[in-house]
Amino acid sequence: MKESRVSTLSKPLATPVTTNLPYPAMRMRRMRSQAPLRAMVRETHLRIEQLIYPLFLIEGNGIRKPISSMPGINQQTIDRALEEISELIAEGVTAILLFGIPEHKDAEATGAWHPDGVVQRATRAIKEAYPDLLVVADTCLCEYMDHGHCGIIEDGQVVNDPTLHILARAAVAQAQAGADIIAPSDMMDGRIAAIRKALDDASFEHIPIMAYSAKFASALYGPFREAAESAPKFGDRTSYQMDPANGREALREIELDIAEGADVIMIKPALSYSDIISKAREMTKMPIAAYNVSGEYSMVKAAAANGWIDEKRVVLETLTGLVRAGADIIITYHARDIARWLKQDQQ
Ligand code: PBG
Ligand code: ZN
């Protein structure tokens with residue numbers, strides 16, 4: 001209340017001044033009458049530096065395969081990815097997130113932690129060619145496991161603690177390859193502490209962890225699983241990813257990841273979970289990331305392709321909404337388009 005009082009000669013007025021005078025004294029439309037005025041009082045701005053653009057890497061050479069459910073997004077070999085990266089850097093994108101699709105999948109997720117795994121090789125090549133580009137490595141096992149789950153399977157169950165060791169190993173391999181940020185997406189308990197310790201023991205105490213803290217078991221990952229060929233061969237991910245109905249539990253996950261040493265916490269998916277983003281924003285001073293996931297992207301692309309929506313306006317409106325909710329960082333497949341649009345709008 002104190003701040004809302006206007007004082008004259010340091011003496012508070014008898015009546016506190018409220019900003020919510022009713023009509024006709026207050027007319028909200030006054031400040032909406034002209035574009036420069038609207039721009040002047042605009043509260044939220046989407047910046048290209050906030051965005052992280054995902055890439056899907058396959059083994060081999062000279063291949064770029066479109067992902068049918070994600071128009072504009074491809075699986076590609078490292079050489080082709082380097083070509084795309086030079087374009088997106090020119091467009092203004094400053095950060096990428098790497099996913100790997102190995103030729104050979106097994107029950108130990110070898111490709112996830114082997115120095116010659118596709119993400120590790122790509123990271124070395126990318127950081128050599130473009131040292132200033134921020135490379136985020138998604139740390140998970142599902143793309144590399146023959147069964148498609150994010151952890152080790154014993155007696156038909158995804159077992160937690162044996163998985164931690166292999167996740168930590170994957171994170172260290174990614175850091176050794178030159179990854180700037182490690183982003184564990186598996187949802188095992190205790191993985192942030194395990195990965196932090198492994199990174200520190202390997203002298204990567206300077207490498208931050210962006211934790212997929214509140215990751216829900218969402219139908220909106222459907223197109224990604226085509227892109228990453230990571231759909232589970234049996235069952236689903238509900239024994240480790242969160243129930244979409246649970247908001248308080250999401251905040252507990254976030255608190256735990258902060259306590260275990262996360263540097264950034266993430267909420268995923270983004271659009272149906274902006275209540276969680278906003279509650280997390282009130283709860284913590286940590287940087288918050290939101291993952292605008294594949295299904296969210298595909299729905300927009302499909303409607304736009306049909307001429308049903310104005311793609312640019314819808315994308316900028318929804319992503320600005322995420323920033324308004326409290327996100328500092330947004331992982332989005334729209335990042336390249338947004339970079340172009342924001343540049344056009346400046347000209
Ligand atoms: C792997 C992973 C997934 C996504 C990011 N990392 C899929 C899943 O958990 O099944 C989803 C990303 C998207 O849908 O865009 N653990
Ligand atoms: Zn996974």
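Counting starts at 1 for both ligands and their atoms, in listed order.
- Electrostatic pairing of K301 and E311 counts as a salt bridge here, judged by a charged N lying under 4.0 Å from a carboxylate O.
- The heavy atom nearest to atom 7 (C) of ligand 1, out of those in Y240, F224, Y291, Y297, is found in F224.
- For R237 and D186, the salt-bridge test fails: no basic side-chain N is under 4.0 Å from an acidic carboxylate O.
- Take the Zn ion (ligand 2) as the corner point: the lines to SG of C140 and to SG of C142 open at 120°, to the nearest 10 degrees.
- For ligand 1, the atoms closer than 4.0 angstrom to any heavy atom of D138 are 6 (N).
- Residue contact annotation: C150 places an N/O/S atom under 2.8 Å from the Zn ion (ligand 2).
- Residues D200 and K197 are not paired through a salt bridge, judged by the lack of any N-O separation under 4.0 Å between the basic side chain and the carboxylate.
- Numbered from 1 in the order shown, with element, the atoms of ligand 1 that lie under 4.0 Å from a heavy atom of R225 read 8 (C), 10 (O).
- Every atom of ligand 1 with a heavy atom of C140 under 4.0 Å away is listed here by number and element: 16 (N).
- Ranking protein heavy atoms by distance to atom 14 (O) of ligand 1, first place goes to S294 OG, 2.7 Å.
- For atom 1 (C) of ligand 1, the nearest non-hydrogen atom of the protein is C142 SG, 3.3 Å.
- With contacts defined as side-chain heavy-atom distances shorter than 4.5 Å, the pair L167/T139 qualifies.
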Next item on the list: Give the intermediate values and the outcome of side-chain contact (heavy atoms from CB on, under 4.5 Å) for residues I85 and L55.
Entry: CA-CA 9 Å; I85 288 167; L55 291 174; 3.8 Å; yes

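- The shortest N or O to N or O distance between S230 and ligand 1 is not below 3.5 Å.
- Nearest protein heavy-atom neighbour of atom 6 (N) of ligand 1: K268 NZ, 3.4 Å.
- Across S298 and S69, no two heavy atoms sit closer than the pair OG-O, 2.6 Å.
- Across K215, H149, E143, heavy-atom proximity to atom 2 (C) of ligand 1 is greatest for K215.
- With Y221, Y212, Y333 as candidates, the residue nearest to atom 15 (O) of ligand 1 on a non-hydrogen basis is Y333.
- Classification of R196 and D257 as a salt-bridged pair fails, no side-chain N sitting under 4.0 Å from a carboxylate O.
- Cation-pi geometry between K215 and Y221 is satisfied (NZ or CZ under 6.0 Å from the ring centre, within 45° of the ring normal).
- Heavy-atom proximity to F99, at under 4.0 Å, picks out these atoms of ligand 1: 5 (C), 6 (N).
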Check: Passes side-chain contact (heavy atoms from CB on, under 4.5 Å), M188 versus V158? Steps please.
Finding: CA-CA 9 Å; M188 297 301 121; V158 176; 3.7 Å; yes

